[in-house]
Amino acid sequence: MAARQLISVVVLQAMVLLSMAHMSRAERHESSRKRLPCGPSTFTFYLHNTVYNPNVDNRDYFNSVYGRPPNVSFANPFWFGVQNTFEDPLTAGPANDSKSLGKAHGFYVLDSFKEFMLFHIFTANITSGRHRGTLDIFGQVREVDPVRYLSVIGGTGSFLGARGLASCKLVQIDRVPPAKWTLSFDLDLYY
Ligand SMILES: *[C@@H]1O[C@H](CO)[C@@H](O)[C@H](O)[C@H]1NC(C)=O
Ligand SMILES: *[C@@H]1O[C@H](CO)[C@@H](O)[C@H](O)[C@H]1NC(C)=O
Ligand SMILES: *[C@@H]1O[C@H](CO)[C@@H](O)[C@H](O)[C@H]1NC(C)=O
């Protein structure tokens, strides 16, 4: 009787130990399954935009074009409701001939009656350099602000799972038609 009791206690202990070992293996498996490769925590690119202008016929090198203005019967000095679609080159440095990183595809809509405010939404497709993939960015670019804060809402490739902040500054602008400008985007990324 005593021997049988002892055996059942030993068996019970062995079962508990086995299930603990099993659980910790399962937990280890779970944590390794959840761990994603993290991309860079910071990333910078420069975006170069040249607006199409039929008056100077820049059809060979423009990369953005305005849609028709809305048909409204009142003055619309800030182009409220006008959209511009772009496919802009991205570079690693501020000069437009610095190392190419890829392209940004997207659009902005002028969305203020009172000032120039450009709601941007675009995908930066980074195709060269150490980190490659896409970054999805959106937010307001209020022209008078020295720094405009946009959101990084996702990414693919090296940037899979990225979220964060895109701090945008105007690097240079040439308002003489065809208008040209360069924006810098300094990203702080979380995964
Ligand atoms: C703009 O709207 C007015 C009033 O509805 C219309 O008469 C006019 O033809 C429209 N213009 C264009 C370019 O669509
Ligand atoms: C590149 O930048 C230079 C210097 O600012 C400028 O003269 C040139 O027009 C730019 N090229 C394009 C395609 O925007
Ligand atoms: C990014 O650019 C590469 C090279 O042109 C292309 O193969 C890829 O499909 C592009 N990705 C997106 C999301 O545009």
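One is the number of the first residue; the rest follow in order along the sequence. Note that ligands are numbered from 1 as they come in the structure, with each ligand's atoms numbered from 1 the same way. Being a predicted model, the structure only gives us computed values, none of them experimental.
- One option in Ile126, Thr134, Thr127 has a heavy atom closer to atom 13 (C) of ligand 3 than any other, and that option is Thr134.
- In this structure, Phe116 places its CZ atom where more than 12 heavy-atom neighbours from other residues, nucleotides or ligands lie under 6.0 Å away.
- For atom 9 (O) of ligand 1, the closest non-hydrogen atom of the protein is Asn71 ND2, 4.7 Å.
- By the definition of a contact as any protein heavy atom under 4.0 Å away, atom 7 (O) of ligand 2 is not in contact.
- Counting heavy atoms of neighbouring residues, nucleotides and ligands inside a 6.0 Å radius, atom NZ of Lys169 does not exceed 12 of them.
- With contacts defined as side-chain heavy-atom distances shorter than 4.5 Å, the pair Tyr66/Tyr108 qualifies.
- Counting only heavy atoms of the protein, atom 1 (C) of ligand 3 lies nearest to Asn125 ND2, 1.5 Å.
- Ring centers of Phe185 and Phe122: under 6.0 Å apart, within the cut-off.
- We find that Asp145 and Arg142 are joined by a salt bridge, their nearest charged nitrogen and carboxylate oxygen being less than 4.0 Å apart.
- Of the protein's non-hydrogen atoms, the one nearest atom 5 (O) of ligand 2 is Gln172 NE2, 3.8 Å.
- In terms of protein heavy-atom proximity, atom 10 (C) of ligand 2 is nearest to Asn96 ND2, 2.4 Å.
- Contact atoms of ligand 2 toward Lys180: 9 (O), 14 (O) (distance under 4.0 Å to a heavy atom of the residue).
- Here the two rings, on Phe43 and Phe159, have centers that are under 6.0 Å apart.
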